[in-house]
**Student:** 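The following block contains the structure, expressed as structure tokens.
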Amino acid sequence: MTSTVLVAGSANLDFVVRAAHVPAPGETVLGREFRTFPGGKGANQAVACARAGGADTRMLLALGADDFAKPIEASLIDAGVQLHTMRDAQLPTGTAFICLSDDAENAITVAPGANMALLPEHLPALDGVQWLLLQLESPLDSVLAYARAARAAGVKVALNAAPAQALPAELLAQLDMLIVNEGELDVVAGNPPDLATGLSRLDVPCVIVTLGARGCLARVDQRIVLQPAFKISPLDTTAAGDTFCGTLVADLARGATLDHALLAASAASALACTRLGAQSSIPDHADVSALLADATRLPGADAHAALAAWCAL
């Protein structure tokens, strides 16, 4: 029986301009190339999940009745995502304005638009769904309602707590997995003095912290799993975290161990950083498998030791 992942969350059209560096407050920078790309954390994660293979992917999203919605829907459908689209004619499709620097850093401002019209009653039937993947670019009340409904239906719930905000204990109690980066961990865990304290403050069965170029770690019950990053020359890091989340949950849905899912998600995330755009940068299963099959590209014992030393866990 094929596993199914439901992603409920945001979809945006990204307006991307490249520049020598991201402008500081009050600074004007002369940019260069400009392009638009389908994006949004929820849609990016749905595309990553679908391209990872092995699990059917569905997505609940909200769009406006405008032309910005068209490339978003086309990208999702092309990736093989089954859509549950809420259409709001009173709000524009969500947009994101991204400045991408030559060193692959970015600054992003999101205008959520129709994403904020995604309501608790919009959740589709969960029959046959194994995992529900959520983010925080939708109303928090809706995120909580979806998580609560999934828990009641026996569906596993993963939350990527981005953009970061303080989370109610009731939401944390519904989660099987929480995925955060370092900055998000600080916000969600109340500015802990160190990584170990942050992990100990989160009463979730599995907490995963992505650490950028260093890699990632997972605390599952009392076990720590470390996964160093693949070495790459980054071009655009815009959808790296979303690629990680979607690939991770897809791998778990098809029955992989957490250790393998972290490895596959790290490989997919690394590949995404070498390509321009959000969904356009997300690799497929064949690309990830080729990277994992190349023993010369896999992080070695030295990388594991360095990550363990940095984490001090």
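It should be emphasised that the depicted structure is a prediction, and the values quoted were computed from it without experimental measurement. Values reported hereafter were calculated over all heavy atoms of this structure, with side chains retained and with hydrogens, waters and symmetry mates removed.
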**Student:** Only pairs at least two apart or in different chains count here, so list each salt bridge (Lys or Arg N to Asp or Glu O under 4.0 Å) that has a residue in residues 277-302.
**Tutor:**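 For residues 277-302, and leaving out neighbouring residues, the salt bridge (Lys or Arg N to Asp or Glu O under 4.0 Å) pairs sorted by first residue read Arg275-Asp287.
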
**Student:** May I ask you to decide whether Asp56 forms a salt bridge with Arg254, counting only side-chain N to carboxylate O separations under 4.0 Å?
**Tutor:** no

**Student:** Using side chain to side chain contact (heavy atoms under 4.5 Å, CB included) as the criterion, list what pairs up with Leu226, not counting sequence neighbours.
**Tutor:** Leu217, Ile224, Leu307, Ala308, Cys311

**Student:** Which residue pairs pass the side chain to side chain donor-acceptor pair (under 3.5 Å) test with at least one member in residues 156-175, sequence neighbours excluded?
**Tutor:**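 As it turns out, the side chain to side chain donor-acceptor pair (under 3.5 Å) pairs with a partner in residues 156-175, which skip direct neighbours, are Gln45-Asn160, Arg148-Glu170.
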
**Student:** Enumerate the residue pairs fulfilling side chain to side chain donor-acceptor pair (under 3.5 Å) with a member in residues 211-223, sequence neighbours excluded, ordered by first and then second residue.
**Tutor:**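 Only Arg223-Asp259 qualify under side chain to side chain donor-acceptor pair (under 3.5 Å).
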
**Student:** Does anything in residues 35-45 pair up under salt bridge (Lys or Arg N to Asp or Glu O under 4.0 Å), and if so which pairs, sequence neighbours excluded?
**Tutor:**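 As it turns out, the salt bridge (Lys or Arg N to Asp or Glu O under 4.0 Å) pairs with a partner in residues 35-45, which skip direct neighbours, are Lys41-Asp242.
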
**Student:** Holding to side chain to side chain contact (heavy atoms under 4.5 Å, CB included), I want the full list of residues that pass it with Ala256, two or more places apart in sequence or in another chain.
**Tutor:** Asp251, His260

**Student:** Would you list the pairs meeting ring pair (Phe, Tyr, Trp, His ring centres under 6.0 Å) in which at least one residue belongs to residues 197-221, sequence neighbours left out?
**Tutor:** none

**Student:** Can you check salt bridge (charged side-chain N to carboxylate O under 4.0 Å, His left out) on Asp66 and Arg87, steps first, answer last?
**Tutor:** CA-CA 10 Å; Asp66 52 33; Arg87 192 80 58 180; over 6 Å; no

**Student:** Just to verify, what does Ala265 make a side chain to side chain contact (heavy atoms under 4.5 Å, CB included) with, not counting sequence neighbours?
**Tutor:** Phe244, Thr247, Leu248

**Student:** Sequence neighbours excluded, which residues qualify as ring-ring contact (aromatic ring centres under 6.0 Å, His included) partners of Phe68?
**Tutor:** Phe15

**Student:** Show me the pairs that pass ring pair (Phe, Tyr, Trp, His ring centres under 6.0 Å) and involve residues 263-294, at least two apart or across chains.
**Tutor:** none

**Student:** Tell me every residue that passes side chain to side chain contact (heavy atoms under 4.5 Å, CB included) with Pro124, counting only those two or more places apart in sequence or in another chain.
**Tutor:**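 Listed in chain order: Leu6, Arg58, Leu60, His84.
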
**Student:** Asp176: which residues meet the salt bridge (Lys or Arg N to Asp or Glu O under 4.0 Å) condition with it, sequence neighbours left out?
**Tutor:** Arg151

